[in-house]
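When a residue number appears, it is its place in the shown sequence, counting from 1.
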Amino acid sequence: MFNTEFLDIPALDSANGTVSLPGSKSISNRVLLLAALSQGTTTIHDLLDSDDTQVMLAGLKQLGCRITPDTVTPGQAIEVTGIGGQLPAGTTATLFLGNAGTAMRPLTAALSVLGGNFEMTGVPRMYERPIGDLVDALRQLGCQIDYLKDEGFPPLKIGQPDFSQLSSESIKVRGDVSSQFLTSLLMALPLLAKDRDITIEVVGELISKPYIHITLELLARFGIAVKNEQWQRFVIPASSRYQSPGSIHVEADASSASYFIALGAITADATEQNSIKILGVGKDSIQGDIRFIEAAQAMGAQLESGPNWLQVSRGTWPLKAIDLDCNHIPDAAMTLGVMALYANGTTTLRNIASWRVKETDRIAAMAIELRKLGATVEEGADYIRITPPASKQAWKAASIHTYDDHRVAMCFSLAAFNPAKLPVRIEDPKCVAKTFPDYFEALFSICETERERIPVICIDGPTASGKGTIAAEVAKALGYQLLDSGALYRITGLAASRAGLSLDESNEETIAEMALEMPVRFDAQQRVWLGDEDISLAIRSEEAGMNASRVSALPAVRSALVDLQLAFQHLPGLVADGRDMGTVIFPHAPLKVYLWASAQCRAERRHKQLISKGISANISTLLADLEARDARDMNRATAPLKPAEDSLQLDSSQMTIEEVVAQVLSWWQERQLFGRA
């Protein structure tokens, strides 16, 4: 996950490949709660690991559920042993539920029926999301719920219910604000249906019926057969009792599929038909948002489907503008708003009033951010109308504010395919953790652009100038790849010696081929990895240094390592440190920094570093060694150490690491179309 202040996405050209989707948030949190209320142990496969599921899991543990293992691991099932419809005596807790409506609303209903003493809290945005209609419906039953702040909104205090006056009349709930209110009642009220039917009556139009369909399907899996009377009345039969199905698989998230369906629809070039294969969800999904397929096809996407996969490519181009009632795909419809940027004409999305009460006011948010890109947008109480930029020249580079809303972040990443070839900045990219923590990694894994568009920051300098530390911190701040070029010869020597090769001309071509294929990566903690092995210490030995000198004398190896260094230029960008990054390897990099400090200062820093590790050292010896190495590096025949002509030189002698990093980032920001963050 990109845990950075912002993420700059270069202009992207095309996409082609396969992506596996995470589990559905809507299904994951429903299954977790139903398993918790059931008798027995439920094994849940493919559970989504996200912010929303983490707060649900934490809440269920507080209520006495046994959950193993403690954390969600991709590919590993999780077991939930339920409470059998009854809380342990004297249960009391304060539950923090973040901004997860799929946790706050169902848990509020279930705990209000079960009884106990609870406080339901969350982030500030949760306190702006209405819950009054659900509370009103629960109070009809005799549930005790108080508002701790504003009437109609969390946080809430839940007390012991009084069901002595429970009547046979139906429980009424509004259906036109959020389908989560009805879902919450449908999951909570089987706990009360011991000796009689319980009927829920929807007042007004029921929005987002597909999400109620998900709820009904899952209730049936857990032994509750609800009778659906034309989506207006729902009857929970007497003697209902939650029972674990034993094992259940969570479908991939159909809403998340929408971004890759859109990607397939907009990314083919004029000469080659690219396609995106999406694994984890197909046309037979129980999720209503799978009908996004129909909208995408109406706009021009070509699509094939199997039982658990979709294959999408571009058909009509430009895309066709549409006028669509989106009540059946409330979350996925946001993706249509960005697809509209690539359409021929004005697209109108209607019946989306529920957008106003989601993670943010999504109608307002989409309107504001689409206008930044150059679109003309009209918004109403329950619709949005989008006309794309009038020409390629009318597109604008934009920094997209994401409102702590995962879907805003994911939608607007697709704007990087704009015809003007302008980059897009996504602010607070980590907000995608709510449903799809690795979204940007998945996106970049199948996207392509010209290598020249992938930004590179070069940080060169003499030995012990701190360039490695600075490069790692800058890469961490920007979410970029990291290249420690100085380590590559050491890694090559290590790999070749482990393979039993003598480090001389007799094995030159073999070592060169090995160097090209080495699975090397560098992380923000300045660790060096060869495959899954941390070799940071192994390459710092005296022997590794000698081996590095031997392989560096082999011309074919030097050539192979140049190619390997160029291959590090991956999306979304690269920070490369060394002695010739700006002069030889990446001469066209938009920012080249030559970092230096006096030899005396560098010797003192190296001395302090060695002493801190318990290694004895002498400053005079270190100083002499550094001066000798500087002379060798500056006078060598191949790629001598020197600042690139267009580099910015920075004397760090009197600067802290934080100050140097801030200066490099400031120079970088000055070169961006977005201006300073």
Side-chain angles (χ1 to χ4, degrees), residues 451 456 458-465 467-468 471-472 481-523 526-570 574-589 592 594 625-644:
R451 177 171 282 181
V456 179
C458 296
I459 302 180
D460 288 319
T463 299
S465 59
K467 56 187 180 293
Q481 308 287 331
L482 177 64
L483 167 60
D484 176 359
S485 66
L488 292 180
Y489 287 101
R490 288 175 174 265
I491 299 168
T492 303
L494 176 68
S497 62
R498 285 181 171 181
L501 300 172
S502 58
L503 308 183
D504 53 34
E505 292 179 356
S506 66
N507 290 307
E508 182 175 351
E509 294 300 329
T510 302
I511 296 172
E513 292 174 5
M514 176 185 292
L516 270 175
E517 301 298 325
M518 291 189 303
V520 181
R521 62 185 173 90
F522 306 92
D523 66 24
Q526 293 186 267
R527 291 177 299 190
V528 184
W529 298 84
L530 186 60
D532 295 327
E533 181 187 358
D534 182 349
I535 58 170
S536 306
L537 293 178
I539 64 170
R540 298 304 173 193
S541 68
E542 184 176 348
E543 180 186 2
M546 294 173 64
N547 288 342
S549 297
R550 293 188 181 103
V551 297
S552 67
L554 304 174
V557 174
R558 296 187 67 88
S559 177
L561 288 181
V562 168
D563 292 339
L564 179 61
Q565 289 172 84
L566 292 172
F568 271 85
Q569 194 173 356
H570 294 307
L574 174 67
V575 180
D577 86 81
R579 293 181 176 84
D580 60 0
M581 293 296 96
T583 54
V584 177
I585 307 300
F586 300 107
H588 302 298
K592 302 168 189 172
Y594 188 81
D625 180 60
L626 286 172
E627 289 175 337
R629 292 184 69 174
D630 287 351
R632 288 197 303 270
D633 288 341
M634 292 176 182
N635 293 294
R636 65 191 180 193
T638 303
L641 173 64
K642 63 179 181 179

side-chain contact (heavy atoms from CB on, under 4.5 Å) partner of V456, chosen from M581, Q569, K592: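 Result for side-chain contact (heavy atoms from CB on, under 4.5 Å) with V456: Q569.
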
I need the minimum non-hydrogen distance between [X] and [Y], along with the two atoms involved.
| X | Y | value |
| --- | --- | --- |
| A538 | A544 | O-CB, 3.6 Å |
| A553 | P555 | O-CD, 3.4 Å |
| D523 | W529 | OD2-NE1, 3.0 Å |
| F586 | C458 | CB-SG, 3.7 Å |

Is a side-chain donor or acceptor of [X] paired with a backbone partner of [Y] at a separation under 3.5 angstrom?
| X | Y | result |
| --- | --- | --- |
| T492 | L488 | yes |
| R490 | I539 | yes |
| S536 | V528 | yes |

Spacing of [atom1] belonging to [X] relative to [atom2] belonging to [Y], to within rounding of 0.5 Å:
| X | Y | atom1 | atom2 | value |
| --- | --- | --- | --- | --- |
| L530 | R521 | CG | CZ | 10.5 Å |
| S541 | N547 | OG | CG | 7.5 Å |
| L554 | L503 | CG | CG | 8.0 Å |

Residue M634 excluded, over 12 heavy atoms near CE under 6.0 Å: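 Yes, enclosed.
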
Working for side chain to side chain donor-acceptor pair (under 3.5 Å), residues S485 and R579: CA-CA 8 Å; S485 66; R579 293 181 176 84; over 6 Å; no

Note: R540-D484 ion pair, threshold 4.0 Å (strictly below): yes

Worked check of side chain to side chain contact (heavy atoms under 4.5 Å, CB included) between I585 and D580: CA-CA 7 Å; I585 307 300; D580 60 0; 4.0 Å; yes

Any side-chain heavy-atom pair of L482 and F568 under 4.5 Å: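 They are not in contact (no side-chain heavy atoms under 4.5 Å apart), so the answer is no.
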
Stepwise side chain to side chain contact (heavy atoms under 4.5 Å, CB included) check, D577 with F522: CA-CA 11 Å; D577 86 81; F522 306 92; over 6 Å; no

Stepwise side chain to side chain contact (heavy atoms under 4.5 Å, CB included) test for L561 and M518: CA-CA 10 Å; L561 288 181; M518 291 189 303; 4.3 Å; yes

Under 3.5 Å, sequence neighbours excluded: what are the donor-acceptor pairs made by side chains of residues 507-515?
unit_1	atom_1	unit_2	atom_2	d
N507	ND2	S502	O	2.9
N507	ND2	S502	OG	2.8
E508	OE2	A556	N	2.8

Stepwise side chain to side chain contact (heavy atoms under 4.5 Å, CB included) check, Y594 with K642: CA-CA 8 Å; Y594 188 81; K642 63 179 181 179; 5.9 Å; no

